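In what follows, a structure is listed as structure tokens, so that the remarks can point back to it.
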Amino acid sequence: MNRYDHKEIEPKWQKKWEKEKVFEASDTSTKPKFYALIEFPFPSGQGMHNGHLRSNTAMDIICRKRRAEGYNVLYPIGWDAFGLPTENYAIKTGKQPSVVTKENTDTFRRQLKSAGFSFDWSREIDTTDPAYYKWTQWIFLQFFKQNLAYKKKMSINWCPKDKIGLANEEVVNGLCERCGTPVEKRDKEQWMLAITKYADRLSRDLDTVDYLENIKTQQRNWIGRSEGSEFKFKVEGAGEIKVFTTRADTIFGVTYVVLAPEHPLVDKFIQQIVNAGEVEAYVKKAKAKTEIDRTTEGKEKTGVELKGVKAINPVNGERVSVWVADYVLGGYGTGAVMAVPAHDERDFAFAHKYNLPIKEVIKGEKKNPKKTEYFLEDGILINSGKFDGMKSEEARQKITTDFGEAKVTYKLKDWIFSRQRYWGEPIPLVYCENCAQKGNGWIAVPEADLPVTLPEVKNYQPTNTGESPLSNIKEWVNTKCPACGGPAKRETDTMPNWAGSSWYYLRYVDPKNSKEFASQKLLKKWTPVDWYNGGMEHTTLHLLYSRFWHKFLFDLGLVPTSEPYSKRTAHGLILAADGEKMSKSRGNVVNPDEFITTYGADALRLYEMFMGPFDQPVSWNDDGIVGTFRFLERVWRLQEKVVSEKFVDKIKNIAGKKEKNTPKIETLLHRTIAKVTNDIEDMHFNTAISAMMILTNEFEKLDSIEIEWYKILIQLLAPFAPHIAEELWTVLKNKGFVHQSAWPKSDSTKMENKQIVMIVQVNGKVRSQFEANVGISENEAKNKAISDTNAKKYIDGKQIKRVIFVPNKLINIVVGE
RNA sequence: GCCGGGAUGGCGGAAUGGCAGACGCAAUAGACUCAAAAUCUAUCGAUCGCAAGGUCAUGAGGGUUCAAGUCCCUCUCCCGGCACCA
């Protein structure tokens with residue numbers, strides 16, 4: 001027997017797998033399909049990260065098990081390669097982003113292969129490949145044709161450092177998600193995708209998928225569906241103000257109405273506003289505020305009354321004052337609220353500050369709140385005319401039917417889809433002045449002319465004016481209008497990096513198709529994705545965006561299901577040893593390469609799975625990996641103890657011992673099969689590994705082990721540590737590859753011990769234990785317990801009040817004085 | 001503020017209401033060795049005891065139960081998400 005040498009074994013098997021194409025999914029197999037997906041990596045310059053390794057390994061384990069269970073498994077890989085880091089690196093080094101991407105993907109590919117993942121490399125895709133982004137552009141055009149992509153001048157989130165506009169989802173606490181710079185407001189024309197049109201379905205259909213509950217909750221909160229009512233407050237002399245409220249029952253308590261600074265009516269009213277100058281100054285200041293200013297200024301509310309403007313409460317005709325205040329958000333509901341200071345915390349604070357009247361209209365069912373406080377709960381209506389005495393719930397409905405209409409609003413906003421940078425998919429539209437005069441200036445590039453490829457440029461530097469660097473390339477920008485043939489200009493904005501990842505799982509099923517993004521036949525065969533694992537950080541970004549795209553494609557009849565992913569799980573982050581996030585700037589990033597060199601991919605894979613619960617964050621610890629490495633060495637050395645035809649003499653010598661050990665070890669073996677099988681499904685990889693360690697430890701204690709037992713251990717280990725398993729499988733003279741062998745089945749009849757240990761408790765405290773046969777009766781157990789030397793001390797002289805008997809486990813004698 | 005998740009030895013962690021600390025790391029002692037590494041054996045929550053055995057112990061405090069890390073109530077701290085959403 002040789003020493004366990006991972007450096008020899010691992011490359012050897014990786015080559016064989018590749019050569020024999022053993023992990024390539026079959027488009028024609030009649031086996032049941034299993035489509036497993038991991039988030040395809042962004043090929044950054046730092047190379048593969050331990051986080052990738054952990055989540056890829058987890059899905060790799062599941063896939064290898066599925067294959068052994070007889071599934072036709074699709075486990076694809078590709079590159080989400082558009083994005084700012086590459087572009088910034090290109091600017092710094094003067095290299096083409098495409099060249100940088102090539103270099104980085106080469107590194108990543110080598111690293112992923114060295115970890116032994118069972119990806120189907122024949123389906124590798126790259127979002128920056130024109131053959132791929134042709135279809136990203138094509139899908140965009142479908143949005144455009146359905147009027148779900150539209151250009152809008154709006155106040156956007158502008159990152160002054162990255163010089164790029166950001167989607168709402170990319171702004172975190174008023175800071176740029178990527179670089180942490182405070183985000184500014186800028187007015188700019190942007191392409192938008194109307195994700196809000198799908199808000200209701202995106203929220204509702206969460207009921208139909210198997211996602212982790214916290215993922216569903218986060219998405220629901222992000223979409224923020226809210227049922228309420230809309231009322232119109234007439235304004236004397238100039239139209240009406242629409243307000244949205246979830247508390248129609250409090251409408252008799254309205255003492256003023258507030259408009260957001262962005263509200264268009266502010267401008268419209270300006271003629272009749274007595275203090276117009278003051279109002280305009282306030283609005284200007286409020287609009288200029290950055291997100292971070294709004295949050296740091298906290299809850300201190302400011303506002304200005306629109307003097308000379310009065311609104312009329314539709315339920316009682318009361319004339320109330322109208323204010324503009326930035327505590328009302330322009331982007332939510334109608335951008336205006338009816339203020340009920342007696343029953344809303346914010347309105348109360350505002351009314352208090354500006355001395356506005358407070359009118360109580362809801363009485364608590366238990367006790368009256370103090371006059372100086374607001375009362376938020378439901379109760380009984382008072383001071384509400386004919387609705388007095390009604391309960392809040394009922395009043396909401398009645399008042400809405402009588403005076404307003406029921407309405408649903410969402411927190412979700414349309415997706416800002418333009419980026420003013422180079423390294424992204426060009427938006428395949430041209431602007432034609434000529435056509436614009438006939439009503440529509442934006443013309444789709446004909447499908448036959450796709451892809452609109454990125455031109456090579458010398459300078460990727462973003463411009464301070466907020467124009468894309470592409471706008472400097474005149475020969476690219478100037479083109480012919482596909483509609484009228486006249487001179488036209490290309491759109492120079494590019495798509496956000498979320499575009500290519502919104503549909504990549506569809507391309508995997510048919511990656512080389514040049515006629516369609518994927519054929520209907522293969523989409524029917526493979527989709528939906530059966531199991532998608534990824535990071536929680538993508539819950540409100542990528543995961544939501546791709547569900548939206550999928551539903552859109554479904555509506556066009558282009559994909560067979562309304563949801564892309566049947567099941568979604570999430571991994572915990574790997575933190576650095578100091579418990580902080582791993583990051584280049586902190587200098588605490590752990591590079592998997594050195595561990596693969598020293599201990600091998602198998603030991604590293606095992607360790608990353610063994611570190612802790614998969615869904616929990618774990619801190620990296622350099623020392624731990626020796627534990628799993630030693631475990632593999634021990635498994636390797638068990639070869640010596642294997643009994644086979646080769647060691648006939650040995651069998652004779654140890655025959656007696658073997659007999660004695662067999663029942664006990666078989667019990668453990670079958671329990672281990674069951675445990676590993678279940679734990680993989682539940683993603684409890686750490687306890688599965690521990691179970692295999694226990695089995696190995698027990699094997700070591702024996703003088704010999706049956707070849708069948710060893711074989712099963714190797715099969716169980718194979719998904720986790722595929723290389724060593726493959727090698728040992730061959731040593732055992734098995735044919736084929738270990739993962740092509742059938743997954744071991746546990747035999748429940750062999751899982752029960754004949755002998756068990758009974759725990760003896762007195763008054764719930766453990767006092768003793770004894771061995772007994774399975775199925776020992778309560779009486780027998782009781783007799784044994786009360787005659788037990790140690791237990792006796794606590795029982796003698798006392799009255800036995802009760803006996804609790806848990807079969808095959810425990811007997812508890814309850815005694816009293 | 002609201003919504004999730006969590007707190008267990010020196011460390012990572014395990015435990016369908018039924019022996020708390022499985023498994024692994026680190027540590028200590030011993031064997032092997034000229035020596036070291038590797039490996040093997042033993043010990044390894046605290047505390048009292050020669051021992052048998054006892055007591056305490058799962059963030060804090062209460063409760064339910066024959067029995068609580070696990071269920072209920074109150075609180076503290078940590079992590080993640082949302083946050084003036086009317």
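Predicted model only: the values in this text are computed from it and were never measured. Computation of the quantities below employed the complete heavy-atom set of this structure, encompassing side-chain atoms and omitting hydrogens, waters and symmetry-equivalent molecules. Residue numbering restarts at 1 for every chain, and letters A, B, ... go by the order of the sequence lines.
In this structure, Y607(A) does not reach the rG24(B) phosphate: none of its side-chain N or O atoms is under 4.0 Å from OP1 or OP2. Contact annotation: T217(A) side-chain N/O to rG81(B) OP1/OP2 distance is not under 4.0 Å. Distances shorter than 4.0 Å separate some side-chain N or O of R630(A) from OP1 or OP2 on rU39(B).
At the heavy-atom level, V340(A) lies nowhere under 4.0 Å from the strands shown. V806(A) comes within 4.0 angstrom of a base, heavy atoms only. Residue V814(A) is in sugar-phosphate contact alone, with no base atom involved, counting any heavy-atom pair closer than 4.0 Å across all strands shown. Looking at heavy-atom distances under 4.0 Å, Q616(A) makes contact with sugar-phosphate atoms alone, never a base. Contact annotation for I694(A): backbone-only contact, meaning every heavy-atom pair under 4.0 Å involves sugar-phosphate atoms and none involves a base. Backbone-only engagement by N686(A) is indicated by non-hydrogen atom pairs under 4.0 Å involving sugar-phosphate atoms exclusively. Backbone-only engagement by R634(A) is indicated by non-hydrogen atom pairs under 4.0 Å involving sugar-phosphate atoms exclusively. Backbone-only engagement by N214(A) is indicated by non-hydrogen atom pairs under 4.0 Å involving sugar-phosphate atoms exclusively. If you check every strand for non-hydrogen atoms under 4.0 Å, N790(A) touches sugar and phosphate atoms only. Within the nucleic acid shown, R225(A) has no heavy atom closer than 4.0 Å to any nucleic acid atom. Within 4.0 Å (heavy atoms only), Q218(A) reaches sugar-phosphate atoms of the nucleic acid but no base atom. Y794(A) comes within contact range of the sugar-phosphate backbone alone, with a heavy-atom separation under 4.0 Å but no base atom that close.
Considering only side-chain atoms of K793(A), the nucleotide from rA86(B), rG53(B), rG12(B) that sits closest is rG53(B). The nucleotide whose nearest atom lies closest to any side-chain atom of P613(A) is, among rC19(B), rA14(B), rA86(B), rA14(B). Nearest to the side-chain atoms of E700(A) among the listed nucleotides rC19(B), rC84(B), rC40(B) stands rC40(B). Side chain of V618(A), nearest nucleotide from rC40(B), rG13(B), rC66(B): rG13(B). Side-chain atoms of M693(A) lie closest to rC23(B) of the nucleotides rG81(B), rC23(B), rC19(B). The side chain of N812(A) approaches rG18(B) more closely than any other nucleotide in the set rC84(B), rG18(B), rA86(B). If you check rA22(B), rG18(B), rC19(B) against the side chain of K809(A), the one that comes closest is rG18(B). Taking the side chain of R802(A) as heavy atoms from C-beta on, and the options rC66(B), rG6(B), rU39(B), the nearest nucleotide is rC66(B). In the set rA20(B), rC3(B), rU39(B), the nucleotide with an atom closest to the side chain of R637(A) is rU39(B). For L810(A), taking side-chain heavy atoms from C-beta onward, the closest of the listed nucleotides rC84(B), rG18(B), rA26(B) is rG18(B).
At a threshold of 4.0 Å, the pair K701(A)-E698(A) counts as salt-bridged, since one of the basic side-chain nitrogens sits closer than that to a carboxylate oxygen. Ion pair E213(A)/R568(A) not flagged as a salt bridge, since none of the NZ, NE, NH1 or NH2 atoms sits closer than 4.0 Å to an Asp/Glu carboxylate oxygen. Salt bridge present: E300(A) and K353(A) bring a charged side-chain N and a carboxylate O closer than 4.0 Å. With respect to D200(A) and R225(A), a salt bridge is recorded, a charged nitrogen being found less than 4.0 Å from a carboxylate O.
When Watson-Crick and G-U wobble pairs are counted only if both distances are under 3.5 Å, rU43(B) pairs with rA27(B). Here rG49(B) sits opposite no nucleotide as a Watson-Crick or G-U wobble pair (both hydrogen-bonding atom distances under 3.5 Å). The base-pairing partner of rG17(B), taking Watson-Crick or G-U wobble contacts with both distances under 3.5 Å, does not exist among the strands shown. Base pairing annotation: rU64(B) forms no Watson-Crick or G-U wobble pair, as no partner gives both donor-acceptor distances under 3.5 Å. rA57(B) makes up no base pair with any nucleotide shown, lacking Watson-Crick or G-U wobble contacts both under 3.5 Å. Across all strands shown, rA35(B) has no partner, as no Watson-Crick or G-U wobble contact with both distances under 3.5 Å is found. In this structure, rG80(B) forms a base pair with rC3(B), meeting either the Watson-Crick or the G-U wobble geometry with both donor-acceptor distances under 3.5 Å.
Going from the C1' atom of rA22(B) to that of rA15(B) covers 8 Å, rounded to whole Å.
Between F720(A) atom CZ and rG24(B) atom P there is a gap of 16 Å when expressed in whole angstrom units. Per the geometry, CG belonging to L376(A) stands 12 Å off C1' belonging to rA86(B), to the nearest Å. I689(A) places its CD1 atom 13 Å from the P atom of rC25(B), with the value rounded to the nearest Å. Rounded to whole Å, atom P of rG12(B) lies 15 Å from atom CG of D622(A). Taking atom CE of residue M536(A) and atom P of nucleotide rC82(B), one finds them 10 Å apart after rounding to whole Å. In this structure, N621(A) atom CG and rA26(B) atom C1' are separated by 9 Å, rounded to whole Å.
Note that CD1 of I223(A) is 11.5 Å distant from CD of Q218(A), once rounded to the nearest 0.5 Å. Note: L212(A) CG to T569(A) OG1 = 6.0 Å, rounded to the nearest 0.5 Å.
Of the N and O atoms on the side chains of Y327(A) and D347(A), at least one donor lies less than 3.5 Å from an acceptor on the other residue.
If you look at Y198(A) and W415(A), their ring centroids are not closer than 6.0 Å.
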